[in-house]
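Just below is one structure, and these are the notes that go with it.
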Amino acid sequence: GSEGSWDDSYIVKDIISHALSSFVPQKETTAILSQNDTTLFKCKILLVGTHKDKLDVSQSPHEDKERCKKEKIIIIAEQLKDWLNQSKAFPFIEVSCIQNFITGVDNNDEKDIVSVKKKIEEMISQLDSEDIPAPWLVFDFVLHKYAKSKELRKIGKRDCMDIARRCGIKDDQLDVVLHYLHLNAGTLLYYSDIPILKEYVIIDFQLI
C-alpha cells in the first residue's frame with residue numbers, strides 16, 4: 001500500500017494469517033502429527049501479490065518505476081519472511097527464498113500472469129516424490145465418488161470413518177490421512193481443531 005510500512009499493517013498480516021491457517025495444522029492436529037512423520041506435512045507456499053500496478057513509487061528517486069516496484073516487492077517479501085520465521089505460528093510451512101516465495105502481479109499484464117504459471121510449474125518440478133500408502137489414495141477416490149453420487153459438499157466424520165474402514169484404514173489413522181489429503185494433496189479440507197468443523201470433511205472448497 002502507499003501508507004506506512006508493510007510491517008505495521010496488521011490488516012495485511014491478519015489476511016495472510018487467515019489464508020495460511022487453511023494449510024497449517026494447529027493444536028490437536030500438531031499433537032497428532034508429532035507422533036508421525038511430520039516431514040510429510042511440509043507445505044510449500046507461493047504468495048502472489050496482485051495489483052502491482054497500484055504500488056505507490058511516486059516518492060522514489062529512481063526514474064525506472066518498474067525497477068522501483070520490484071525493489072518494493074523484495075522489501076515486502078523480506079518483512080513477510082521475517083515475520084513468519086519469528087512468529088513460529090506456522091511450523092509446517094517452508095519459507096522459501098524470495099524468488100520462490102512471493103511475486104508481484106499486474107492484473108492487466110498478461111506477461112505477469114504467465115510468469116506466475118511458470119513459477120508454479122517450477123516449484124512443482126522441484127517437489128520431492130514420496131510414497132503414499134495405497135489405501136490413502138483409494139480412500140480419497142472413494143470419498144470423492146461418494147460425495148459426487150450423493151451431491152454432497154461435505155461429509156460427516158462418521159461416514160468418512162466407515163469409508164476409511166472399507167479402504168483398509170484404521171480408525172486411529174483417519175485423522176493423519178485426512179490431514180495429509182488436506183495439507184499435501186489439497187483434495188479436501190479438514191479442521192480437527194475447530195469445534196464447528198471438526199465433525200465434517202469438506203469436499204467443496206467454496207463451502208468455506
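Nothing fancy with the numbering, it's 1 onward along the sequence.
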Summary of salt bridge (charged side-chain N to carboxylate O under 4.0 Å, His left out) pairs that have at least one residue in residues 136-149, sequence neighbours excluded: none
Ile120-Val114 co-clustered via ILVMFWY side chain contacts under 4.5 Å: no
Student check: side-chain heavy atoms of Glu199 and Arg158 closer than 4.5 Å: no
salt_bridge(Asp171, Arg165) N-O dist < 4.0 Å: yes
Exceeds 12 heavy-atom contacts within 6.0 angstrom, atom NZ of Lys157: yes
Beyond-backbone contact of Ile163 with Tyr146, side-chain heavy atoms, under 4.5 angstrom: yes
Ser192 versus Asp175, closest heavy-atom pair with distance: CB-OD2, 4.3 Å
Heavy-atom closest pair, residues Ile169 and Pro135: CD1-O, 3.7 Å
Derivation and outcome, side chain to side chain contact (heavy atoms under 4.5 Å, CB included), residues Ile202 and Tyr190: CA-CA 6 Å; Ile202 298 168; Tyr190 175 59; over 6 Å; no
Stepwise side chain to side chain contact (heavy atoms under 4.5 Å, CB included) test for Leu143 and Ile155: CA-CA 9 Å; Leu143 192 68; Ile155 300 175; 3.6 Å; yes
Test item: Val201 and Lys154 side chains (from C-beta on) under 4.5 Å apart, heavy atoms: no
Phe141 atom CZ, neighbour heavy-atom count above 12 within 6.0 Å: no
Pairwise distance CG(Asp159) to NZ(Lys150) - rounded to 0.5 angstrom: 9.5 Å
Side-chain heavy atoms of Leu197 within contact of Leu189, under 4.5 Å: no
Geometric class of the His182/Tyr191 ring pair [parallel <30°, tilted 30-60°, perpendicular >60°]: perpendicular
Leu178 and Phe139, any side-chain heavy atoms less than 4.5 Å apart: yes
Whether Glu71 side chain and Cys68 backbone form a donor-acceptor pair below 3.5 Å: no
Joint hydrophobic cluster, Tyr200 plus Tyr180, side-chain heavy atoms closer than 4.5 Å: no
From His179 atom NE2 to Leu188 atom CG, the distance as rounded to the nearest 0.5 Å: 10.5 Å
Expected output: side-chain His144 to main-chain Thr187 donor-acceptor under 3.5 Å: yes
